[in-house]
Amino acid sequence: MLALEEYGMPELPEVETVRRILDRAAVGKRVVGVRCGRERLVEALETDLTLDDLVGGRLDGVERHAKYLVLRFDRDPQAVLHLRMTGQVAAVAPGGAREVAGHPVPAYDAPLPAPTTHLTLDFADGTTVYLQDPRHFARLTLLPATLVEPYIRERNLGPEPPDPSLTVERLAAMLAARGRAKLKPLLLDQSFVAGLGNIYVDEALHLARLHPERAAAGLAPPEIARLHGAMPAVLAEAIPIGGARIHHGKATQVAGFPRVHARRGEPCPTCGTPIVKYTLAGRGTYFCPQCQPPGGKSQV
DNA sequence: AACTACTCCTGGAGGC
DNA sequence: TGCCTCCAGGAGTAGT
């Protein structure tokens, strides 16, 4: 379990973990009670939908679309949950056993509801699901079933890196179409590829040995192949270790992850050169100036 | 199309 | 030591 002061952004691996928790703990059960301490957490796409309308609905499934979770009920409203940066979900069984995923604050064994618990769902068998968010960024969207597909479609989510349809050839065509766009902001754009956040973009670019400001259309075929392999690789390696751990701007490496993110001044695991941090597109960006040269030519 | 800037939030860091 | 200010950051929106 993560220590209280350690941070892990709920990026795709964490969101998938939340999906599995809800699937195990709540699917097939009816909602018998809803409590919400922060109305702004909830948005309704139709004005006549309210949180109280969830009561009586049976959760039939939880789908994940990139970092969005769709809670499918047997009656309207349906719900779309996004944890943003600091959301956390806990499911507590009638006997008290709990599963928690997402942001590590509050501590996973803290008493629930916590001061930062903003939403509570009670299910018929006594299971309770809690949503915590110390910084109030998470959102729960209520909508009728007819609007779920359009809502997800409107997000314009690109392919997720493990998606088998995202072939090297397709990635090459996507990059070529983006001209001079810089790699880092491009990979953060969920309409280009979905699921990568700030941490995983830095990690993928380092693994692929590509400078964050390389132009999308300027990559050589071997570089595209490296990027294609690096994106799913960094996501896959983060899952078993529970994501990145970052505290006070410095990373605690677990099994060598992360390699560069939040490791300013520390040696690159590949070549030993101190990691550089700067701001790009408004995001803290970490890279190795030796392994990730800024020019168009990089060592293959 | 591709940028930037702003919004939402608050715990923690850094300055004095 | 105790204030005070500033900042990160996913996604949405607006403006250029």
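All values derive from a computational prediction rather than experimental measurement. Note on naming: letters A, B, ... go to the chains in the order of the sequence lines (proteins, then strands), and numbering restarts at 1 for each one. Only heavy atoms go into these numbers, but all of them, side chains included; no hydrogens, no water, no symmetry mates.
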Hydrophobic cluster partners of A/Tyr130 (side-chain heavy atoms under 4.5 Å): A/Val92, A/Leu112

Salt-bridge criterion met for A/Asp202 and A/Lys184 (N-O under 4.0 Å): yes

Produce the list of close N/O pairs, under 3.5 Å, pairing protein atoms with atoms of nucleotides 14-16 of chain C; give distances to one decimal.
none

Residues clustered with A/Leu143, ILVMFWY side-chain links under 4.5 angstrom: A/Leu45, A/Tyr68, A/Val70, A/Val80, A/Leu147, A/Val148, A/Tyr151, A/Ile152, A/Leu157

N or O in side chain of A/Gln190 less than 4.0 angstrom from C/dA11 OP1/OP2: yes

Atom-to-atom span, CD1 of A/Ile152 to P of C/dA11 - whole angstrom: 12 Å

Separation of atom CG in A/Asn198 from atom P in C/dA8, rounded to whole Å: 10 Å

Counterpart residues, side-chain contact (heavy atoms from CB on, under 4.5 Å), relative to A/Arg75 (two or more places apart): A/Arg30

Expected output: side-chain A/Gln88 to main-chain A/Leu131 donor-acceptor under 3.5 Å: no

Atom pair distance, as rounded to whole Å: CD in A/Gln88 and P in C/dG10: 18 Å

Euclidean distance, atom CG of residue A/Leu83 to atom P of B/dC9 [Å, nearest integer]: 16 Å

Salt-bridge criterion met for A/Arg72 and A/Asp60 (N-O under 4.0 Å): no

Salt bridge (charged side-chain N to carboxylate O under 4.0 Å, His left out) partners of residues 31-51 of chain A, not counting sequence neighbours, each pair once: A/Arg35-A/Asp122

C/dG12 OP1/OP2 closer than 4.0 Å to side-chain N/O of A/Tyr68: yes

Between P of C/dA8 and NZ of A/Lys277, the distance in whole Å: 6 Å

N/O to N/O distances under 3.5 Å, protein versus nucleotides 1-8 of chain B:
| residue | atom | partner | partner atom | Å |
| --- | --- | --- | --- | --- |
| B/dA2 | OP1 | A/Arg178 | O | 2.8 |

Touch class at under 4.0 angstrom, heavy-atom based, for A/Phe192 against every strand present: nothing

Presence of A/Lys67 side-chain N/O under 4.0 Å of C/dA11 phosphate oxygens OP1/OP2: yes

A/Asp202 CG - C/dG10 P separation (whole Å): 10 Å

Phosphate contact (C/dA11 OP1 or OP2) by A/His82 side-chain N/O below 4.0 Å: yes

Spacing of A/Met85 atom CE relative to C/dA11 atom P, expressed in whole Å: 10 Å

A/Tyr278 and A/His211 aromatic ring geometry - parallel, tilted or perpendicular at 30°/60° bounds: tilted

Any donor-acceptor N or O pair under 3.5 Å, side chains A/Asp52, A/Thr50: no

Rounded interatomic separation in angstrom, taking NE2 from A/His103 and C1' from B/dG11: 10 Å

